[in-house]
Amino acid sequence: GYMVMIDKPDGEVHIRPSNLSDNDTLRKMVNEVYGKCESNMFIAGHERLSEESFEAFHNNKELFVAETRGTAIVGCVKISNIGNDGKGMGMLVVKPECRGQGIGRKLVDYVINTAREDSCKFVRLELLYPTHQPDPAKQELRRWYTSLGFQFARNEDFALLCPRTSLLTQEVTFSVFEKQLSNNE
């Protein structure tokens, strides 16, 4: 199944910093999407991100939402600082019924532009996928990020980064990807 990319006029999707009032909507959306795409890796009923997580993201001003003209939230992304030189891009989520409209791409572009404005040298993201079983959705994501200029940097031990490995149902690989930013792009 090919995704048809429909070019929407730029005015359609607007990206802004999150408001505290967005948190419930965002948490539901993020956990629903993660729940579907990572159900093969985590035990059932595991809520990937808690209310506290979202409050922290909001307080740190790390959370940005994509909304349509009707102010319906259709996606989000978390941007964090990595030292003085980099930005971390995480929790990139687009509502399932809004996929294929270029919203994810807009969110990625927003992160890259924010990084450039802050004179950063790179943007980093991480992908979590099953080590021994190919996961088509994650492979598709990997291809998509690669097409946007992100390059595989290294694998890290997820157990060291996330002590709650008891929630995992199988061995996972945690891959780091980076996009180097030159000023003339």
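Within the 4.5 Å cutoff, the side chain of Met91 has heavy atoms near those of the Phe54 side chain. Residues Pro17 and Leu63 are not in side-chain contact: their nearest non-hydrogen atoms beyond the backbone lie 4.5 Å or more apart. At least one side-chain heavy atom of Glu178 sits less than 4.5 Å from a side-chain heavy atom of Arg154. Using a 4.5 Å cut-off on side-chain heavy atoms (C-beta onward), Phe177 and Val123 make no contact.
A distance of 9.0 Å separates CD of Gln139 from OH of Tyr129, quoted to the nearest 0.5 Å. Note that CH2 of Trp144 and CZ of Phe150 are 8.5 Å apart. Values are rounded to the nearest 0.5 Å. Note that CD1 of Ile79 and CG of Asn60 are 13.0 Å apart. Values are rounded to the nearest 0.5 Å. Between His58 atom NE2 and Ser21 atom OG the span is 8.5 Å, to the nearest 0.5 Å. Separation of atoms NZ (Lys87) and CG (Asp118) is listed at 4.0 Å; rounding is to 0.5 Å. A distance of 6.5 Å separates CD1 in Ile73 from CD in Glu67, rounded to the nearest 0.5 Å.
Lys179 approaches Leu148 most closely through the heavy-atom pair NZ-O, 3.0 Å. Looking at every heavy atom in both residues, Val77 comes nearest to Gly90 through CG2-O, 3.5 Å. When all heavy atoms of Cys76 and Val30 are compared, the pair lying nearest together is SG-CG2, 3.7 Å. Shortest non-hydrogen contact noted between Ala66 and Leu107 is CB-CD2, 4.0 Å. Shortest non-hydrogen contact noted between Glu126 and Val176 is CG-CG2, 4.0 Å. Nearest approach of Ser175 to Phe152, heavy atoms of both residues: OG-CE1, 3.7 Å.
Residues satisfying the side chain to side chain contact (heavy atoms under 4.5 Å, CB included) test with Gln151, not counting sequence neighbours, are none.
Asp24 has a carboxylate O that lies under 4.0 Å from a charged side-chain N of Arg27, or vice versa, which qualifies the two as a salt bridge. Salt-bridge check for Lys138 with Glu140: failed, with every basic side-chain N at 4.0 Å or more from each acidic carboxylate O.
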Please assess Met89 against Lys78 for the test side-chain contact (heavy atoms from CB on, under 4.5 Å), listing each intermediate value before the final yes or no.
CA-CA 6 Å; Met89 177 171 76; Lys78 176 174 171 285; over 6 Å; no
Passes side-chain contact (heavy atoms from CB on, under 4.5 Å), Leu127 versus Tyr145? Steps please.
CA-CA 10 Å; Leu127 275 184; Tyr145 283 128; 4.0 Å; yes
Please test Val94 against Val74 for side-chain contact (heavy atoms from CB on, under 4.5 Å), starting from the C-alpha separation and ending with a verdict.
CA-CA 6 Å; Val94 173; Val74 291; 5.6 Å; no
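Note: the hydrophobic cluster containing Ile112 also contains Tyr110 (ILVMFWY, side chain heavy atoms under 4.5 Å, direct or indirect links).
A donor-acceptor pair is defined here as one N or O able to donate and one able to accept, closer than 3.5 Å; such a pair exists between the side chain of Asp22 and the backbone of Asn19. Using modelled atom types, one side-chain atom of Thr131 and one backbone atom of Thr173 make a donor-acceptor pair closer than 3.5 Å.
Under a cut-off of 6.0 angstrom, the local environment of CG in Asn59 is crowded, with over 12 non-hydrogen atoms contributed by other residues, nucleotides or ligands.
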